[in-house]
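Written out below as structure tokens is the structure these notes cover.
Every chain is numbered from 1, with letters handed out A, B, ... down the list of sequences.
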Amino acid sequence: MAEKQQKGNAQSKGNAPAKDDNKITTRAANYSEWYLEIVRRAGLAENSDVRGCMVIKPTGYAIWEKMQRGLDRMFKDTGHVNAYFPLFIPMSYLAKEEEMAEGFAKECAVVTHYRLKAEKGKPLQVDPTAELEEPLIVRPTSETIIWRTYKDWIQSYRDLPILVNQWANVVRWEMRTRLFLRTTEFLWQEGHTAHANQQEAEEETLRMVNVYKKFAEEFMAMPVMVGPKSEGQKFPGAVYTLCIEAMMQDGKALQAGTSHFLGQNFAKAFDCSFQNEKGQRESPWATSWGVSTRLIGGLIMTHSDDNGLVCPPRLAPIHVAIVPLGRTDAERAPAIAAAEKLAAELRGMPRDDFFSYEPITVKIDVMFDKQPGYRYAEHELRGVPVRVEIGPKDLEKSACAVARRDVPGKEGKQFGVPLDGAAAHINTLLRDIQASLLKKAKAYRDAGLKTADTYAEFQEKLELGGFVAAHWDGTRETEDKVQAETKATIRCIPFPENGLEVAPGVCMVTGAPSKQRVLFARAY
RNA sequence: CGGGCUGUAGCUCAGCUUGGUAGAGCGCCUGGUUCGGGACCAGGAGGUCGCAGGUUCGAAUCCUGUCAGCCCGACCA
């Protein structure tokens with residue numbers, strides 16, 4: 001960007017310096033540049049020709065598939081089933097729920113025609129005679145079409161609850177996009193449930209935010225804070241929104257998942273009602289909840305380092321890279337043979353819940369045209385949790401070298417690991433890595449958790465990054481004022497379960513009474 | 001939507017001020033020397049200079065238009 005603006009200046013004449021010495025931009029030098037380089041060089045995604053839309057590359061998609069698998073299992077275990085609803089939603093549906101219409105109006109892609117006109121020698125154009133009577137919007141979220149459908153599905157209390165999830169893509173026409181964190185089109189899941197009473201729906205709302213918390217911590221090794229959003233930050237159309245908030249390595253917050261209690265808003269907007277046991281008509285109670293490919297952005301920014309991607313083993317597309325070494329075919333052949341043997345042993349390890357009953361994935365690196373250092377660096381860049389090196393010197397001792405990605409560089413490498421038993425050792429190591437990534441991320445997050453009692457102290461601490469717990473009078477005005485002056489928003493009103501003290505106090509801005517501290521941060 | 005900027009090789013960019021028919025680094029291909037922490041040498045492939053007009057003997061370069069993208073802001077759960 002800076003270079004671009006310089007372009008055309010007399011000073012920038014001469015060839016650009018060789019930009020790439022193979023090292024990536026460090027987090028300290030330029031955090032967002034670092035992030036984008038990780039995404040690109042780890043082969044996760046790239047910008048497409050379509051503005052704001054990304055191409056998710058096989059490695060990035062593999063992470064998403066693992067996320068899907070983990071989450072889907074948890075959804076099923078809590079009684080949900082999958083279904084699929086249309087991509088297109090009649091514009092009038094969105095209009096039925098006022099808050100939602102207002103919330104999403106400015107970022108909707110609209111389909112107005114159903115045909116193009118192709119004539120020889122003329123540019124392809126929209127056929128003006130093929131205008132839709134009613135424009136369709138491309139779903140930014142599916143509450144409306146789903147509640148229009150539920151209206152027909154729900155007649156009796158016996159039809160409830162409905163516990164449906166859909167895996168889908170949605171479009172939100174954002175002004176500014178960033179790979180994974182905010183793209184015009186993104187992949188997500190959205191759960192939409194209907195319940196016979198308020199209590200059940202509220203329990204569901206809480207249950208699902210806790211599913212997200214569990215997933216974030218157990219699969220992503222990403223600690224999160226859980227609690228409701230402020231009135232100003234909640235989902236349009238919701239009564240309240242619960243969320244999980246993670247803290248990235250630059251101290252900014254990332255909303256990683258939301259679970260909304262929708263009350264009877266959508267049921268009423270779509271005339272959906274049922275008869276209860278007593279024969280009375282009632283409106284069902286709703287929830288919706290979602291996480292998206294944004295989680296991949298969070299995953300990257302939670303663990304990765306200046307050597308590249310760090311991926312927790314439970315979500316890693318490849319668990320183990322084996323690098324056979326040797327200068328000649330005579331040296332390489334036994335190294336490759338040993339690599340293949342170890343790979344087979346790793347793949348044959350007993351499967352368990354940790355890897356969703358799938359085998360350990362192993363890749364044997366045969367890039368013999370590259371130097372060993374290049375090959376090591378490449379696997380580090382791509383975030384492979386464990387790298388094994390097998391060369392002539394190891395084979396003399398029937399051993400190998402095992403490097404763990406969470407401890408970068410040579411420090412994480414252990415020489416002389418006996419090949420006999422190496423598979424079991426690595427299997428254990430993968431679990432250690434998963435655990436220590438969470439521990440490390442938690443320590444980082446906790447260190448970034450600050451408390452402020454006065455507005456001056458708040459502003460000072462905010463500059464250090466991280467969450468600042470402060471008292472707030474609960475008003476929209478104060479929240480807006482803080483945001484306008486500091487760019488910080490209320491990320492959530494933390495539940496006691498987060499381990500933060502919940503005690504009354506006075507608002508740091510107005511001095512009015514406050515029930516508890518809330519978490520402020522600058523956010524993505 | 002306001003303000004600024006940029007479109008030249010797969011990528012990052014130089015060349016434009018002062019018009020003469022296109023370059024560098026990286027990447028890619030071939031061969032060779034290397035090889036336990038990001039090697040090197042030699043040769044090679046690759047570009048209708050965003051698009052459309054105009055000026056000119058001649059346009060990447062000057063002019064007009066147009067499209068696209070980027071940055072700052074606004075907006076954005």
What is the distance, rounded to the nearest whole Å, between atom [atom1] of [X] and atom [atom2] of [N]?
X	N	atom1	atom2	answer
D49(A)	rA68(B)	CG	C1'	10 Å
Q255(A)	rC76(B)	CD	C1'	12 Å
E380(A)	rG37(B)	CD	C1'	8 Å
E331(A)	rG36(B)	CD	P	11 Å
K106(A)	rA74(B)	NZ	C1'	10 Å
E37(A)	rC11(B)	CD	P	16 Å
E33(A)	rU12(B)	CD	P	11 Å
E107(A)	rA74(B)	CD	C1'	14 Å

Quantified in whole Å, what is the [atom1] atom distance between nucleotide [N] and nucleotide [M]?
N	M	atom1	value
rA45(B)	rU30(B)	C1'	10 Å
rG47(B)	rC1(B)	C1'	37 Å
rC75(B)	rA39(B)	C1'	50 Å
rC26(B)	rA22(B)	P	23 Å
rG46(B)	rG23(B)	C1'	13 Å
rU66(B)	rU21(B)	C1'	25 Å
rG4(B)	rA14(B)	C1'	23 Å
rG20(B)	rC16(B)	C1'	14 Å

Could you tell me whether [X] sits above the aromatic face of [Y], with NZ or CZ closer than 6.0 angstrom to the six-membered ring centre and within 45 degrees of the axis?
X	Y	value
K252(A)	Y524(A)	yes
R40(A)	Y35(A)	no
R387(A)	Y376(A)	yes

Nucleotide paired to [N] in any strand shown, Watson-Crick or G-U, under 3.5 Å:
N	value
rA42(B)	rU30(B)
rG2(B)	rC72(B)
rG36(B)	none
rA60(B)	none
rC49(B)	none

task = Tell me, with the steps shown, if T258(A) and F235(A) meet side chain to side chain contact (heavy atoms under 4.5 Å, CB included).
result = CA-CA 9 Å; T258(A) 47; F235(A) 180 76; 6.0 Å; no

ask   = Would you say a side-chain N or O of K393(A) is under 4.0 Å from OP1 or OP2 of rG36(B)?
value = no

inquiry  = I'd like to check F467(A) versus M225(A) (side-chain heavy atoms, cut-off strictly below 4.5 Å). Are they in contact?
reply    = yes

query = Partners of H319(A) by ring-ring contact (aromatic ring centres under 6.0 Å, His included), sequence neighbours excluded?
reply = F355(A)

message = Nearest heavy atom decides the nucleotide; on that basis, is G52(A) or K413(A) closer to the 5' end of RNA chain B?
response = K413(A)

message = For R387(A) and Q483(A), find the nucleotide of RNA chain B closest to each by heavy atoms; which residue's nucleotide sits nearer the 5' end?
response = R387(A)

message = Pair M74(A), K214(A) - check side chain to side chain contact (heavy atoms under 4.5 Å, CB included), show working.
response = CA-CA 9 Å; M74(A) 294 167 92; K214(A) 186 174 155 78; 3.5 Å; yes

Which nucleotide wins on minimum distance to the side chain of [X], given the candidates [options]?
X	options	answer
K487(A)	rG37(B), rG38(B), rG73(B)	rG73(B)
K23(A)	rC70(B), rG38(B), rG36(B)	rG38(B)
Y376(A)	rG37(B), rC35(B), rC76(B)	rG37(B)
E378(A)	rG38(B), rG36(B), rG37(B)	rG38(B)

Test side chain to side chain contact (heavy atoms under 4.5 Å, CB included) applied to I56(A) and L44(A), step by step = CA-CA 6 Å; I56(A) 303 176; L44(A) 303 181; over 6 Å; no

Quick one: label [X] by what it contacts on the DNA or RNA (base, sugar-phosphate, nothing), any heavy atom closer than 4.0 Å.
X	result
R332(A)	base
K234(A)	base
G103(A)	nothing

Intermediate values then yes/no, side chain to side chain contact (heavy atoms under 4.5 Å, CB included), I490(A) and W472(A) = CA-CA 9 Å; I490(A) 296 172; W472(A) 162 62; 3.5 Å; yes

request  = Check Q264(A), E204(A), E202(A) against W285(A) for a side-chain contact (heavy atoms from CB on, under 4.5 Å) and give me the one that passes.
outcome  = Q264(A)

inquiry  = Regarding rC76(B), can its base be found pairing with the side chain of R176(A) as donor and acceptor, where the two atoms are less than 3.5 Å apart?
reply    = no

inquiry  = Base of rG36(B), side chain of R375(A) - is there a donor-acceptor contact under 3.5 Å?
reply    = no

Grab the N/O contacts between the protein and nucleotides 39-46 of chain B below 3.5 Å, and write none if there aren't any.
residue, atom, partner, partner atom, Å
rA39(B), OP1, Q371(A), OE1, 3.4
rA39(B), OP2, Q371(A), OE1, 2.5
rA39(B), O4', Q371(A), OE1, 2.4
rA39(B), N9, Q371(A), OE1, 3.0

